[in-house]
Every structure is written in structure tokens, then in C-alpha cells.
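Beneath this line is the structure, given in C-alpha cells, with notes to follow.
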Amino acid sequence: MTVHNADVARIFDRLADLLEIEGANPFRVRAYRDAARIVGDLPNEVSALMAAGKDLSELHGIGKDLGGKIEELVQTGRLTALEEAERRVPEGLLELLSLGPLGPKRVKTLYDRLDIKGVDDLAAAAKAGKIHDLRGFGPKMEARLLDALAHHVKEEPRLLLASVEAVAQDLVQRLGRARGVGKVIVAGSYRRRKETVGDLDLLVTAAGSDVMDRLVAFEEVAEILGHGRTRSTVRLRSGLQVDVRVVPEESYGAALHYFTGSKAHNIRVRGMGVERGLKINEYGVFKGDAQIAGRTEEEVYAQVGLPYIEPELRENRGEFEAAQDGRLPRLITLADIRGDLHAHTTETNGRATLEEMAEGARAKGYKYLAITDHSQRVSMARGLDAKRLARQIKAIDRLNERLDGIVILKGIEVDILEDGSLDLPDAILKELDLRVCSVHYSLNLSSEKQTERIIRAMDNRYCDIIGHPTGRLLNKRAGFDLDLERVMRAALERGCFLEVNAQPERLDLNDAHCKMAKELGLKLAISTDAHSVANLELMRFGIDQARRGWLEPADVLNTRSWPQLKRLLRRA
DNA sequence: GCCGTTTTCGGCCCGACTGTTTTCAGTCG
């Protein structure tokens, strides 16, 4: 059994929950939660790092103890400390934590005072009216618990960034029309452009506004979780939670910084403030009682001796060290993109014709668009065999004669078969400008086999770019097991490249993988995998992911002109 | 449990809202 980073993260979070219920030192609990996040965010599997002889305690936030616990987990698949905690704390208490109204302290109180060990015990006690007499509880809490028990549902999964944009912009528009409102902006992980968001954090600048009353009165509000003067929380009918914070104009920068997060980033900034005798909160930077900064985010960073740090970098993944050394990246923007290297047409499973896709790309100002329809193995999409591909090549040649200002690249998304061979003969692949090679089947090979398979594919001189390299579908399917560092090193040796697929449910390579590629010196393509003209607009989500992965224009293939890009391809 | 050009011990970000309380604990972000 292989222990993945996600397993380590889940187990540390579970142990943190148990320790919290026991009333452990909160900083110790935080250390476990930090470690869960750190391991969960790593681009390499910890098992691979260990196999390579790396000392895990070199990771900032992982010390000797936690490093040892990770090793125990990887080697044995078990964690003694967790098993001991599970013996001390009844399992059902964890479910109580997920109930909503209850935190670790109240769960412990219920257990200590009423011997409540799970939801069934809690339901019985609440119905018997035993809860409201406990210190720290009351009739309202008892009612909330009964309600929560009746509607106990699994937590909403985090939503795709792309799927919340419309509602976010709608809320911005409507809150902006409230009396006395200045700025309205979406902060939180939405502003950091994380691939999924758990809720929406809206920041409003205003003085004496009715904006909160407007918010809670919106017809799509299903539940009001909090309604204060400066902070309100509602849940929409869609299940999406929305937090709104109101601050005065002079606090805008400090508040934006604070509500943008991430939490780990903010803790570091505030800690740097403490070192300088400053207090940093959402209202500003304070020396004693005097506000000395906070109108802009730049002011906040300047007070702790840092340049402005882009929201996408604010994850405490090295941005502070880079900022101090003057090594912050000049992040890529959508405007740097000159073309798209992965797109489909009606010839396979696209919804637009070759001509329509070409016109769509030209209208965007692109200089090139690669048509990369599926190969024969993808029979569901009526993938191309050599004969049909040859016809498409001719059609593209004819189209290019008519087109002005853009060149359509002859390409293919050729399947990587289970043995690592490509799904079409070299004789036809060599007629193309560009070949994207992707895995669509046999996703559940061992890491070793999957890695070998992809490296074998790259051994073929006609393999240019590995499409959606991990095959993950957000909220649906984890990526397949793969040693991406080995794949990247192999790509470098062979002159191949990897893709950042901009489809909102793919977005692989992910942010950490992008950063790993950059550090290895491997350039990436950012491609939409468009199946329609409208899909060409998805490029910006790929850009978001690339920015979170620290990529600069030079790190990306399709910031180049076609002649420049052609020279980078080994078959050119 | 982690960390250290102040430190190997003693710190560890900070505030709003709720429901409880009669000045504050718990929870959340």
C-alpha cells in the first residue's frame, strides 16, 4: 500500500481534531494542521522524497518529531500517535465536530458532562432537553443542534473557481449599488485564483451603509449565519457560503490583504509586524494606537520591509524568502499568450468546425492555433486514424492559404497506449507541426508503470507535449499515480514539454507542479483543450494556475511567436 | 510541535459575531 501526501494530510488533520478535543496545546494542534497543509501542497510524494534520501525535517514547519511520524506512516501505513489518540477519544466525537455549531471545547463538554459519544447520544440528550442546562450552552444552542442533527449532510465540496465567477460578479454589482458603498472586491482564495473555492469573501468599503441589510435580504439567501455591522455570513440556495466584511476606506489595503489570505501568509506577515513592534490587523498597521499604514496593500508590505506580493503567491510557499532576496517572479499574464496549442473540432468531439475554431482564435488576436483532435484509440470521440488525419492536414493547408494574421498548426492529441507507444504511426505523426500526447485509458497502473509508460512515449521523437499530465478531474477523480519529477527530468533530457490544461476541472499540472517544473528549468504549454470557440476563453484559468506556480512569460511555450516556438520543438 | 543575525526556552496573528454571560468563551476566518 502506498501512502500518498493526501493520506498524510488527512491523518494529521484527524489527529489535530482529536488533540483539540482533548484540549491539547493549541500551538501543537496548529503544528499538525500546518504540517497537513505543507505535505498536502508538496509537488513530490513524501514517499519519493524519502526514497531519494531527503530529510523531511528540512521542510519548514516539519521538525524532527513530525518528520519521524511521516516516515512511520510511509513505512508502516500506520501512525502510533493517532491510534493512541483514537483509543483515548471516542470516534463519534469527530462526527460531532463536523456538525456545524460545535467546536472542540463544546464537544469535550458534552462528553465530560453527559457522556455524549456521538450523534445518536447527542440527539437523545437534545430531545430530552438535557443540553440547555450545561454551562456554555443554552436554549438556542440546543435548538441549533437539533436542527443540525435533522439536516446532517456531508460537507459541500469546494466549488470550481470557474463555477462561482458569475455569482461572485453578480454579488459585486449588487452590493456596489448599496448606499454609501465605495469599493467592492472578492478577496479570499477567489482572489488568489485557487482552482477551487470553499466560500466567497467579499470586501466592501463604506461608512454607515445599509449594505449588510441588502445582503441578507437577497432572494437567493437560504440562511443567515451571521449578521453584524462589519461582518455578515449567508448561505445561498446553491449551498455557497458568502462572507461580507465592511471596513472604512482608509483600511482598504489592510483589509484586502487580510481577507485575501492565505491564513498561513497572513500569520507570517503579522509575525514580521510583531518583530518590528507593529500590530497588523484588518484595519491597518498600528504603532501603539496610531495607524501608520493600511490604505493600500503596498503600504502594509512596505511596513514589514517587503515589496508587493501578488495574491497568487500568498501561500507561504517561499514568497517571503523570494521577496526578501528580490527574487519575486514577474508573473505571466493573459496578454503574454500568443496562441493556443491544444484544440478540437467537429472532426472528433469538438462542437465547432476547423474554420470556426480558426476564426475564433484569430478574433482573439492569436498568431497561431494548433488543431489537435483525438486519435483513433478514443473511439468515443471518433478519434482520427491516419487516413482521416491526412485529410485534415490537407484541409488545414488549404485553410492557411486563405487565412490572414494567424497560422493554424497541424496537430494531434495522440493517445499514449498502455505500453507507452503512440496511437498513430510515425509516418503520419511526422507530417504534423505539433503533437500533444495524452493518457486517456489505463489510468490505474502503479506509479512505476505509469511513469515508465509516459517516459516511453517521450522516447518517441514525435512526442512534443504531454497533455493533461496527471489526468485528474477536480472533485471527481484524483490524478493517476505518477512520479512527476522523473517525468519532468525525462522531458528535459528529450526536449519534450508538459501541458497546463486550462479546462477548469482539469488544471493539471497544478500550481505546485508548475513551480517544480520552473525550478527544474522545464518549459510548459498553457493550453485550453478547447472543444468549442467559447472554450478558447478558458485560457485565463490556465494562466491563473501558472501564476500560482510562479511562472513567468519565458517559462511558457506559447508566449513565443510560432517561429520561436518551432525552434524549441526538437523536430523543427 | 516548531523555531531561532534578539532566542535551544519561550514565544507562537488578530478581531467579529453569537450566545451565553453579567464580562466572556467558543468558534470562525
Side-chain angles (χ1 to χ4, degrees), chain A residues 12 15-17 19-21 23-38 56-70 81 96-110 131-145 148 187-190 197-203 212 216 224-235 241-247 251 254-255 257-286 294 300 304 316 324:
Chain A
F12 278 177
L15 183 50
D17 282 343
L19 291 172
E20 217 171 7
I21 292 171
N25 177 345
F27 297 105
R28 186 173 163 227
V29 174
R30 195 170 91 186
Y32 279 100
R33 295 209 192 281
D34 286 347
R37 185 186 56 82
I38 291 161
L56 297 178
S57 67
E58 281 172 16
L59 297 169
H60 192 89
I62 309 283
K64 280 276 169 284
D65 182 276
L66 287 174
K69 286 190 165 77
I70 295 170
L96 294 183
L97 264 190
S98 70
L99 209 51
L102 294 174
K105 296 273 170 53
R106 287 198 175 99
V107 167
K108 182 168 164 52
T109 302
L110 291 170
I131 305 287
H132 65 259
D133 289 336
L134 289 176
R135 188 176 180 80
F137 292 77
K140 287 207 174 167
M141 178 59 77
E142 189 170 87
R144 279 181 69 194
L145 286 174
S189 50
Y190 182 95
V197 298
D199 62 5
L200 286 179
D201 297 296
L202 275 80
L203 176 64
M212 291 310 200
V216 299
I224 300 168
L225 302 171
H227 181 190
R229 193 175 49 83
T230 68
R231 171 177 172 170
S232 294
T233 305
V234 299
R235 189 176 350 266
Q241 187 170 310
V242 180
D243 274 20
V244 177
R245 306 290 306 246
V246 178
V247 298
S251 298
H257 180 260
Y258 177 51
F259 297 126
T260 296
S262 68
K263 188 170 179 163
H265 179 92
N266 287 347
I267 288 174
R268 283 283 296 267
V269 170
R270 289 185 175 189
M272 294 172 79
V274 170
E275 286 170 14
R276 289 166 171 75
L278 303 173
K279 185 173 70 171
I280 301 175
N281 59 30
E282 55 265 56
Y283 297 107
V285 181
F286 296 86
V300 175
V304 294
N316 192 20
Q324 277 157 352

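Lettering follows sequence order; numbering is per chain, from 1.
Of the candidate nucleotides B:dA16, B:dG26, B:dC13, B:dG26 has the atom nearest to the side chain of A:Arg106. Listed candidates were B:dG29, B:dG1, B:dG26. Nearest to the side chain of A:Lys105 is B:dG26. Checking B:dG1, B:dG29, B:dG15 against every side-chain atom of A:Lys279, the shortest atom distance belongs to B:dG15. Of the listed nucleotides (B:dC3, B:dT20, B:dC14), B:dC3 has the atom at the smallest distance from the side chain of A:His60. For A:Arg144, whose side chain is taken as the heavy atoms from C-beta onward, the closest listed nucleotide among B:dC14, B:dG29, B:dG19 is B:dG19.
Here, B:dT27 and B:dT20 have their P atoms 13 Å apart, quoted to the whole Å. Across B:dG1 and B:dT5, the matching C1' atoms stand 24 Å from one another, rounded to whole Å. With both ends at atom P, the span from B:dT21 to B:dG26 equals 12 Å, rounded to whole Å. Look at the C1' atom in both B:dG11 and B:dT6: the space between them is 12 Å, to the nearest Å. B:dT23 and B:dT18: their C1' atoms are spaced 15 Å apart (whole Å). Going from the P atom of B:dG4 to that of B:dC13 covers 15 Å, rounded to whole Å. Comparing the P positions of B:dC17 and B:dC12 gives an interatomic distance of 25 Å, to the nearest angstrom.
Remark: P of B:dT27 and NZ of A:Lys140 are 18 Å apart, rounded to the nearest angstrom. When the C1' atom of B:dG10 is taken as reference, atom CD of A:Glu275 falls 15 Å away, rounded to whole Å. For A:Leu145 and B:dG26, the CG to C1' distance is 13 Å, given to the nearest whole Å. Whole-Å rounding puts the A:Ile224 CD1 to B:dT18 C1' distance at 14 Å. In this structure, A:Glu58 atom CD and B:dC3 atom P are separated by 11 Å, rounded to whole Å. Between A:Leu99 atom CG and B:dT27 atom C1' there is a gap of 14 Å when expressed in whole angstrom units. The interatomic distance linking A:Leu200 (CG) with B:dG29 (C1') rounds to 14 Å, in whole Å. Distance, A:Asp65 CG to B:dC3 P: 11 Å, rounded to whole Å.
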Please determine whether side chain to side chain contact (heavy atoms under 4.5 Å, CB included) holds for the pair A:Leu202 and A:Tyr190, giving the CA-CA distance in whole Å, both sets of side-chain angles, and the decisive distance to 0.1 Å.
CA-CA 10 Å; A:Leu202 275 80; A:Tyr190 182 95; over 6 Å; no

Does the salt bridge (charged side-chain N to carboxylate O under 4.0 Å, His left out) test come out yes or no for A:Asp17 and A:Arg33, once each step is laid out?
CA-CA 9 Å; A:Asp17 282 343; A:Arg33 295 209 192 281; 2.8 Å; yes

Between A:Leu200 and A:Asp243, is a side chain to side chain contact (heavy atoms under 4.5 Å, CB included) present by the stated rule, with each step listed?
CA-CA 6 Å; A:Leu200 286 179; A:Asp243 274 20; over 6 Å; no

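No hydrogens or angles were tested; on distance alone, nothing pairs the side chain of A:Asp34 with the base of B:dG1 as donor and acceptor under 3.5 Å. Residue side chain A:Tyr258 does not reach the base of B:dG15 through any donor-acceptor N/O pair under 3.5 Å, judged by distance alone.
Between A:Tyr283 and B:dC13 there is no side-chain polar atom (N or O) within less than 4.0 angstrom of OP1 or OP2. Taking side-chain N and O atoms only, A:Lys108 has no distance below 4.0 Å to OP1 or OP2 of B:dG26. For A:Lys64, no side-chain nitrogen or oxygen approaches OP1 or OP2 of B:dC3 to under 4.0 Å. Residue A:Asn266 places no side-chain N or O under 4.0 Å from the OP1 or OP2 atom of B:dC13. Residue A:Arg270 places none of its side-chain N or O atoms closer than 4.0 Å to OP1 or OP2 of B:dC13. Remark: A:Thr230 is in phosphate contact with B:dC17, judged by side-chain N or O atoms under 4.0 Å from OP1 or OP2. Contact check, A:Gln241 against B:dC28: no side-chain N or O comes under 4.0 Å of OP1 or OP2.
With A:Asn316 as the fixed residue, the side chain to side chain donor-acceptor pair (under 3.5 Å) test singles out one of A:His265, A:His60, A:Arg268: A:Arg268.
Among the atoms of the strands shown, only primed sugar atoms or phosphate atoms (P, OP1, OP2) are found under 4.0 Å from some heavy atom of A:Leu59. Residue contacts for A:Arg268: at a heavy-atom cut-off of 4.0 Å it reaches no nucleic acid atom on any strand shown. Among the atoms of the strands shown, none is found under 4.0 Å from any heavy atom of A:Val29. Here A:Pro104 lies in heavy-atom contact (under 4.0 Å) with sugar-phosphate atoms only. A:Asp201 comes within contact range of the sugar-phosphate backbone alone, with a heavy-atom separation under 4.0 Å but no base atom that close. Using a 4.0 Å heavy-atom criterion, one finds that A:Arg135 contacts no nucleic acid atom at all.
A donor-acceptor pair under 3.5 Å is absent between the side-chain atoms of A:Arg235 and the main chain of A:Leu225, judged by distance alone. In this structure a side-chain-to-backbone donor-acceptor pair under 3.5 Å is present from A:Asn281 to A:Gly284. A donor-acceptor pair under 3.5 Å is formed between the side chain of A:Arg270 and the backbone N or O of A:Ile280.
Across all their heavy atoms, A:Leu66 and A:Ala35 have their closest contact at CD1-CB, 3.7 Å.
With a glycosidic angle further than 90° from 0, B:dT22 counts as anti.
Nearer to the 5' terminus of DNA chain B, by closest-nucleotide assignment, is the contact made by A:Gly228 (compared with the other of A:Gly228 and A:Glu142). Two residues, A:Leu97 and A:Met141, neighbour DNA chain B, and the one matched to the more 5' nucleotide by heavy-atom proximity is A:Met141.
B:dG26 and B:dC17 make up a base pair, with Watson-Crick or G-U wobble contacts both under 3.5 Å.
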